Every structure is written in C-alpha cells, then in structure tokens.
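Take a look at the structure set out below.
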Number of protein chains: 2
Amino acid sequence: MPLVGIPEVEPGDDLANLILLALDRNSVTAASGDIIVVKQKVVSKAEGRLVKLSKVTPSKRASTLAAQEGKDPRLVQLVLSEAKRIVRKGHGVIITETAHGFVCANSGIDRSNVRRGYAALLPLDADASAKRLRKRFEEATGQKLAVVITDTFGRPWRRGQTDVAIGCSGLDPLLSFRGKRDRYGYSLKVTEPAVADEVAGAAELVMGKLSGVPAAVVRGARYARGEKGAKDLVIEADKDLFR
Amino acid sequence: MPLVGIPEVEPGDDLANLILLALDRNSVTAASGDIIVVKQKVVSKAEGRLVKLSKVTPSKRASTLAAQEGKDPRLVQLVLSEAKRIVRKGHGVIITETAHGFVCANSGIDRSNVRRGYAALLPLDADASAKRLRKRFEEATGQKLAVVITDTFGRPWRRGQTDVAIGCSGLDPLLSFRGKRDRYGYSLKVTEPAVADEVAGAAELVMGKLSGVPAAVVRGARYARGEKGAKDLVIEADKDLFR
C-alpha cells in the first residue's frame with residue numbers, strides 16, 4: 001500500500017509524524033506485523049544528510065577520477081569521503097564499499113529528488129534511524145511493527161536496479177531455513193531468504209521513482225521478529241568470494 | 001496471494017492447468033494486469049528437467065573440483081555441463097555463468113524439493129516456458145496477464161538470497177526512467193527498476209521454501225507490458241564491470 005501525499009521533506013522535519021499522518025490520510029490502519037517501508041532519500045533529508053555541492057572542494061584524486069569517468073569532481077569527492085574503498089570503476093560508474101559495508105554505486109550518494117545543487121548522502125546509521133521510526137510508529141499505533149529503510153542498488157551481471165534494505169528494525173533481515181528439511185527430507189543447508197531486501201523490492205513496485213511516494217506499508221509478508229539490522233546483511237570479508 | 005494446494009508436480013504434468021485449478025481453489029479471480037509467479041522448480045519438474053544422479057558419470061575435472069569444494073562429483077558434473085564458465089569458487093560454493101547467461105550458484109541446479117537421488121536443472125528457456133503459461137492463463141481467464149518464473153539466487157556482498165526472475169512474459173523486466181526528470185528537473189539517467197526481480201522477491205515473501213507453495217499472484221505492481229524476457233536482464237559482456 002503506497003502512502004501518497006507526504007509533503008516534501010526538509011532537514012529537521014519530524015518524518016515519523018509525516019508518515020503517521022499519511023497512514024491516516026491513506027486510510028491505512030496499521031496492524032500488528034505490518035512493515036512500514038521508507039525510502040532512504042526522505043530519511044537522509046529529515047536527518048540533514050544533504051550537502052551543497054558548491055561548498056565541496058575536490059581533492060586531486062577526486063578530480064582525476066571525475067575526469068576519467070565523466071563525473072562532477074565535487075560529487076566524486078563526496079563519493080570518496082563516504083567510501084572505504086573503490087570496488088570497480090568504468091563506464092561512468094564508480095562502485096564503492098561505504099563506511100557501513102554496503103557495496104553500491106557512488107557510495108549511495110545521488111542528486112535525484114533533492115534540490116538542485118545538492119546531493120543526498122546515506123544516513124549515518126540507517127538501522128538506528130529505522131529503530132527510532134519503529135518506536136514512534138509503535139507508540140502511536142499500539143501495534144508491533146517493523147520498519148525497513150530502502151535504497152536503489154544496481155547489482156553485478158543483471159541489468160537494472162532493485163530496492164534493497166539499508167536499515168531495518170523489528171524484523172530479522174534474514175529468515176533462516178538452515179538445518180530445516182524439505183518434504184523429501186533434504187536438508188536446506190544454505191537457504192536464508194533476505195526478506196528485508198525482498199520487502200524493499202516489493203514496496204518499490206508501488207512507490208516508483210517519480211511519483212513522490214516515499215513510504216509504503218507491506219502487509220502479509222512472512223518474516224521473523226528480531227533485533228538485527230541491515231548491517232547483518234553485509235557478508236563478512238573472510239566469507240566474501242567477491243572481494 | 002499464495003496459491004496453496006498445488007499437488008506434487010511430475011514430469012509431463014500440465015502445469016498451467018494445475019495453476020488454473022489452484023486459482024479457483026484459492027478463490028482468486030484473475031484480473032487484468034495480474035502477474036502469476038511460478039517457481040522454477042515446478043516448471044523444471046513439469047518439463048522433465050530432472051536428472052537421476054546415479055546415472056551421471058563425473059569427469060576427472062568434476063571429481064577434482066568436487067573434492068576441493070566438498071561436493072558430490074555427480075552434481076558437480078551437472079553444474080559444469082550446464083555452465084559456460086566458472087565465475088568463482090570457494091567455501092563449498094561453485095558460482096557459474098549458465099548457458100542462459102545467469103550467474104548463480106551451481107548453475108541453478110539443486111536437490112531441494114525434488115525426489116531423493118535426483119537433481120533439478122533450470123528450464124532450457126524459461127522465457128519460452130513463461131510465454132506458454134501466460135497464453136494458457138490468458139485463454140482460460142480472458143484477462144491480460146503476465147508470468148514470472150523465479151529462482152533463488154545469492155548475490156555478492158550481501159548475505160542470504162532473494163528470488164529473481166529467470167523467465168518472464170507479458171511484462172518488460174525493466175521499467176525505464178531514462179531521460180525522465182524528477183520534480184526538481186534532475187534527469188534520471190540510469191534508473192531502470194528491475195521490476196521482474198522485485199516481483200519475484202515480493203512473491204517469495206508469501207511462498208517460502210518449505211510450505212509447498214510453488215505459485216502466487218502479484219496484483220497492483222506497476223510495470224510495463226512488453227515482449228522482452230528475463231534474458232534481457234543479463235548484462236552484455238562489454239558493459240559488465242564484474243567479468
């Protein structure tokens with residue numbers, strides 16, 4: 001269920017309240033187990049994670065890389081500042097590992113749906129943002145809820161992007177079937193659906209990129225309540241075949 | 001909407017009919033635009049893409065690789081037979097590029113939810129399978145429908161798996177925003193949501209791995225009707241930063 005009619009979010013806005021008002025406006029009565037999905041962009045805006053590009057001074061490294069990839073050197077400076085390492089570059093794309101451990105284009109920084117001349121950075125800790133939102137939603141509705149904060153990531157080998165979870169609270173991002181057996185007795189050794197990512201993608205199907213719908217409610221998804229965050233989706237370096 | 005009560009599928013079964021019967025049994029009246037999501041495993045079974053492991057003779061290469069990764073040499077033989085190349089191996093995992101161009105563990109072959117002693121291979125052409133199913137569904141219901149055939153893939157850098165599209169018909173797997181502008185006038189240069197993959201993940205949230213629900217209906221997702229298949233999700237080799 002898309003939550004339409006949320007006004008433009010500005011730094012310092014009470015995002016939880018804007019979303020609660022939108023639930024009312026969209027006649028959605030939160031039910032226990034509902035997952036409220038919120039786009040990263042509005043979380044970043046509310047948290048003031050916007051940078052005016054004219055105030056950024058690119059380093060020599062950023063300028064060189066920007067020239068190579070045909071990008072704005074000030075944007076590249078921000079990309080490098082938010083990155084632990086560059087994973088790949090080429091075809092005008094810089095794929096980095098962010099401080100959080102996410103691997104994505106441009107350290108998750110982008111200029112779409114923000115005031116011109118500005119760029120939005122990822123929240124510093126989107127799991128903490130999700131937890132704050134969840135507590136507010138639960139207080140206001142009296143229901144046990146979950147929150148997933150989503151961003152749009154590309155992926156190797158497959159064209160296009162899907163929305164994935166960069167923060168979550170109230171649901172375990174992975175649902176483990178490890179050690180469970182199928183109807184033929186076969187042990188499902190490695191099966192762990194990344195439900196937080198699937199919820200993110202499901203919500204994207206009603207939110208879109210242009211329609212100004214920064215939140216949605218996902219109901220009826222099977223997940224396990226838990227305390228883990230989207231941080232737990234990051235593969236440990238020693239188990240990562242793609243370092 | 002999960003479609004429960006579909007019986008065990010055997011080679012040669014009329015899968016379209018089994019799913020149509022399940023629509024009735026689940027009181028789901030197909031509406032124009034509905035996407036019927038079907039798991040690869042039942043498509044493979046109906047199409048007879050099952051191999052008895054005791055009939056597979058592993059090559060020397062398969063036996064060596066199997067010993068390295070602690071796997072059944074007959075399974076590894078099948079993995080190699082279905083692969084164009086090995087993309088990565090280690091930690092007991094063999095990631096290959098299949099003949100279709102999909103990059104996934106074990107060439108998409110697995111032994112879960114199949115009779116013991118057998119392995120299920122991916123359909124030879126899941127886009128064609130999806131098209132056949134879609135035509136049957138459209139004939140039977142009189143509605144314009146789409147079909148997505150899904151499998152469970154891991155992904156680099158992120159733990160767990162999500163369901164993705166390996167075949168589709170009636171919907172374009174990508175929704176293009178290229179050249180469109182956001183409300184601030186910013187051009188969305190690279191935005192192409194992989195809706196077929198998001199639909200696959202959304203459906204997984206109600207299907208699960210153990211519950212014997214091999215099909216679901218996704219309603220209300222925004223997508224473009226089109227003739228492209230999941231083949232179009234494969235990145236062209238010369239644009240692939242992860243070769």
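Every chain is numbered from 1, with letters handed out A, B, ... down the list of sequences. Please read all numbers here as calculations on a predicted model, not as lab measurements.
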May I ask you to name which of B/Val206, B/Asp238, B/Leu175 has the most heavy-atom pairs under 4.5 Å with chain A?
-> B/Asp238
Side chain, backbone, both or neither: which part of B/Val199 has a heavy atom under 4.5 Å from chain A?
-> both
Where does B/Phe102 contact chain A at under 4.5 Å (heavy atoms): side chain, backbone, both or neither?
-> side chain
Interchain contact, A/Phe153 with chain B, by part (heavy-atom threshold 4.5 Å) | side chain
B/Arg159 atom CZ: more than 12 heavy-atom contacts under 6.0 Å = yes
Taking every non-hydrogen atom, the tightest pair across A/Phe242 and B/Trp157 | O-NE1, 3.2 Å
Crowding at CZ, A/Arg88 (>12 non-hydrogen neighbours, <6.0 Å) = yes
Can you tell me if B/Glu198 uses its side chain to pair, donor with acceptor, with the backbone of A/Asp163 under 3.5 Å?
-> yes
Of the listed residues (B/His91, B/Lys89, B/Lys239), which shares the most heavy-atom pairs with chain A below a 4.5 Å separation?
-> B/His91
If you tally heavy-atom pairs under 4.5 Å between each of B/Val93, B/Val103, B/Leu174, B/Val234 and chain A, the highest tally belongs to B/Val103
Toward chain A, the part of B/Glu236 with a non-hydrogen atom under 4.5 Å | side chain
Taking atom SG of A/Cys104 and atom CZ of B/Arg158, what is their separation to the nearest 0.5 Å?
-> 9.0 Å
Please determine, among B/Ala221, B/Ala202, B/Gly160, B/Pro156, the option with the most heavy-atom pairs under 4.5 Å with chain A.
-> B/Pro156
Using a cut-off of 6.0 Å, state whether more than 12 heavy atoms not belonging to B/Lys84 lie near its atom NZ.
-> yes
Is chain A contacted by the side chain of B/Asp110, its backbone, both, or neither, given a heavy-atom distance below 4.5 Å?
-> neither
Heavy-atom pairs under 4.5 Å with chain A, option from B/Val114, B/Val218, B/Asp240 with the top count = B/Val114
Select one option (side chain, backbone, both, neither) describing which atoms of B/Ile95 are under 4.5 Å from chain A's heavy atoms.
-> side chain
Under 3.5 Å: donor-acceptor pair, side chain of A/Arg222, backbone of B/Glu204 = yes
Heavy-atom nearest pair, A/Asp197 first then B/Arg155, reads OD2-NH2, 2.6 Å
Answer yes or no: are there more than 12 heavy-atom neighbours, outside A/Gln68 itself, under 6.0 Å from its atom CD?
-> yes
May I ask you to check whether over 12 heavy atoms, not counting those of A/Lys144, lie within 6.0 Å of atom NZ?
-> no
More than 12 heavy atoms from other groups under 6.0 Å of NZ on A/Lys228 = no
Based on non-hydrogen pairs under 4.5 Å, which of B/Ala194, B/Gly154, B/Gly90, B/Pro173 is most in contact with chain A?
-> B/Ala194
